[in-house]
*Asks:* 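Handing you a structure now.
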There are 2 protein chains.
Amino acid sequence: MTKRREQVGLVTMHSIASAAGVSPMTVSNTFRYPERVQEETRQRVMRIAAELGYVPNHAAGNLASGQSRVIGAIIPSIKNSSFYKYVRGMQDTAAEHGYELVLKLADTICHEHAAIQTFIGLRVAGIALVGNEHEPAAIDILQKTALPVVESWVLGNPIDMAVGYSTTAATKAILDVLLARGYRNIGFIGYERTASHRFTERLPIFRSVLAQAGLSSDLVHLADEADGFGAGPKALEELCRIGPRIDAVICPTDIVAAGVLFECGRRGWKVPDRIAVAGWGDYEIASEITPGLTTVQPNAYEMGQQSVTMIVERARGNRNRGRVVDTGFQIIKRAST
Amino acid sequence: MTKRREQVGLVTMHSIASAAGVSPMTVSNTFRYPERVQEETRQRVMRIAAELGYVPNHAAGNLASGQSRVIGAIIPSIKNSSFYKYVRGMQDTAAEHGYELVLKLADTICHEHAAIQTFIGLRVAGIALVGNEHEPAAIDILQKTALPVVESWVLGNPIDMAVGYSTTAATKAILDVLLARGYRNIGFIGYERTASHRFTERLPIFRSVLAQAGLSSDLVHLADEADGFGAGPKALEELCRIGPRIDAVICPTDIVAAGVLFECGRRGWKVPDRIAVAGWGDYEIASEITPGLTTVQPNAYEMGQQSVTMIVERARGNRNRGRVVDTGFQIIKRAST
DNA sequence: TTGATCAGTTCACACATGTTG
DNA sequence: ACAACATGTGTGAACTGATCA
């Protein structure tokens, strides 16, 4: 009786039902279980729905069924291409299974917490996170709600499930390349003040590998994560101050590595003759810049696929809590080392 | 009676209501209209809600109130930093107004249509689109639902509202820079098979400006939009074949421009002595690469702010249908021209 | 096809208290 | 002293649109 106000979505299942001369349930069925409805009625309902511009109300459906076809993914950044393939993998796989992927950006664990709340509030089918560092309150609420959650780009000790690759193994592998090629004064660029294990795990491995090789591991510079390309020149300057004989450097991302290459260009340094440069992530620029960057290529697309697959399986009742999948990585050798 | 199945979000308003010894309505009020409930009860309810890890169900609230605090944005790509500032602007502004921003990726107008359907299905408060080329069916449904819609990065003839800058004016401005510096054999790189006015508007202006200056405008190459950096080398090769005396080139994005710079480096061509290179978009790489790229800097952050502001205002009842806002642009002059 | 149901919100109203003419 | 009227808090019924049995 109380006609509240002009609603936005005026077209409801009722309106098409009466326009088509069937019950609302029949309309519902034509959308969710087309095979339960006779071809003829189905077509009539679809036609009228299209004419009236009907879009089923997820909110109502979600509420009634307790289910959702939306998966929420939270990514730290869209500043560069690092998550591009990952998101593509998620999106394509979600579509295959009849799910929708929506994204939220969160560059700090505090924002991540807020994004998690939003997704829980929306009652999504599952949540994909990057990394395994989160606010305690966020972990707490994820555990309480028992929503399917995948942490990606990282392995081990998951809230629920995880898919990633071993940064430790990748760090070793890239150092092996440099050592095999005879570099002996290897520098390391990392990030300071980052909470992310994706980055912080690398330095200890760097130190232990060099120690085992009987080499010094003093050439370390921690850059500001916000700097992007700009971190390269700063880091190179600092490392050269510490050890002028530096002959190779490994970077936290290809972006930083590209920044180092730009700086080498300005100094007139030949790469890799004067200094070898290794990147990380196989960003698009790695293969296009000259010299091409030797880099760690995570299987980002597969990681995205796997993340969504695990969420969908769990939403369908499979019990793969605690599952951890390693999607591996490759070392791409190019001219920079 | 029918206890359906283990619901995901077990904590409801009812459970905190009984735990706090108040009615569900009081719980609802403490969240939505805190001033309507006594300080003491408010705190008790809040405490219990926090303890139980309660997250209000947007789906239910949305359904009951017909309102939403979620804004949906559809962006074509996260492959590079072009939309980074834009999204930041939207996100920050949404947060200021107490709204949430969620993203969907759509690289074709077909995918965009699907994303629009998803957002309408979610009954979001409004939708932000990039560009003004859409599927007819998508336009149709947006008009029917009368949802607040902003088209950005583009001006004119909006479905509902628009915020952007003039690609025409920007193309003229960047050509003025090149002409003023004496370049006379100017090449143009555009995109082929792109539906987007953001790009297709540029070529006619290029032609007319050069014609007015009494110069030829034959040096045109249309690249594959998917190519990124790789489009640069291909385009340069083609343009040199058409006109070996080419002395400047304007690119559709800074990424393509960077690709051109890489290729110039390989050829040993000095920039801008042998050839001047102009980019578009003020991507992060533009200021970091050597030589720095002369480029068009749209006010992307402001565009994002403005988009969300317009949606929020409309959601609050302001009638700014048909409004078009020009956020302008700057030409950033660097060493590449 | 019908009604009950999901988890909230709107709206109208109850109730206690205080203020006013 | 009393009705009349605000005011501040809390409650119950009806309702949202789609789904399930």
*Asks:* According to side-chain hydrogen bond (donor to acceptor under 3.5 Å, both in side chains), who are the partners of A:Ser23, at least two apart in sequence or on a separate chain?
*Replies:* A:Thr26
*Asks:* Quick one: which residue pairs count as a ring-ring contact (aromatic ring centres under 6.0 Å, His included) with a foot in residues 114-133 of chain B, not counting sequence neighbours?
*Replies:* none
*Asks:* What residues from residues 20-34 of chain B pass a heavy-atom cutoff of under 4.0 Å to DNA chain D?
*Replies:* B:Val22, B:Ser23, B:Met25, B:Thr26, B:Asn29
*Asks:* Kindly write out the residues that satisfy side-chain hydrogen bond (donor to acceptor under 3.5 Å, both in side chains) with A:Asn157, not counting sequence neighbours, or none if the list is empty.
*Replies:* none
*Asks:* When the nearest nucleotide of DNA chain C is assigned to B:His58 and to B:Arg36 on a heavy-atom basis, which residue is associated with the more 5' position?
*Replies:* B:His58
*Asks:* Is there any salt bridge (Lys or Arg N to Asp or Glu O under 4.0 Å) pair reaching into residues 70-99 of chain A, and which pairs are they, with sequence neighbours excluded?
*Replies:* A:Arg88-B:Asp107
*Asks:* Would you be so kind as to tabulate the donor-acceptor pairs closer than 3.5 Å made by side chains of residues 302-310 of chain A, with sequence neighbours excluded?
*Replies:*
from, atom 1, to, atom 2, distance (Å)
A:Ser307, OG, A:Met303, O, 2.7
A:Thr309, OG1, A:Gln305, O, 2.8

*Asks:* Any side-chain N or O of B:Gln38 less than 4.0 Å from the OP1 or OP2 oxygen of D:dG10?
*Replies:* yes
*Asks:* Determine which pairs satisfy ring-ring contact (aromatic ring centres under 6.0 Å, His included) with at least one residue from residues 43-89 of chain B, sequence neighbours left out, and list them in order.
*Replies:* B:Phe31-B:Tyr54, B:Phe83-B:Trp153, B:Tyr86-B:Trp153
*Asks:* Rounded to whole angstrom units, what separation is found between the CG atom of B:Asn62 and the P atom of D:dG17?
*Replies:* 11 Å
*Asks:* Is it the case that B:Asn320 and B:Glu313 place a side-chain donor and acceptor less than 3.5 Å from each other?
*Replies:* yes
*Asks:* Which is more 5' along DNA chain D, the nucleotide nearest B:Thr41 or the one nearest B:Ala60? Just name the residue.
*Replies:* B:Thr41
*Asks:* Heavy-atom contacts under 4.0 Å between residues 42-49 of chain A and DNA chain C, which residues?
*Replies:* none
*Asks:* Please name all residues satisfying side-chain hydrogen bond (donor to acceptor under 3.5 Å, both in side chains) with A:Asn57, sequence neighbours left out, ordered by chain then number.
*Replies:* none
*Asks:* Suppose the criterion is side-chain hydrogen bond (donor to acceptor under 3.5 Å, both in side chains): which pairs have a residue in residues 27-37 of chain A, not counting sequence neighbours?
*Replies:* none
*Asks:* Check this one for me: any side-chain N or O of B:Tyr54 less than 4.0 Å away from OP1 or OP2 of C:dG8?
*Replies:* yes
*Asks:* What is the bend of the helix from C:dT2-D:dA21 to C:dG21-D:dC2 when you compare the axis at one end with the axis at the other, using five pairs each and rounding to 10°?
*Replies:* 50°
*Asks:* If a pair satisfies ring-ring contact (aromatic ring centres under 6.0 Å, His included) and one of its residues is in residues 90-116 of chain B, list it, with sequence neighbours excluded.
*Replies:* none
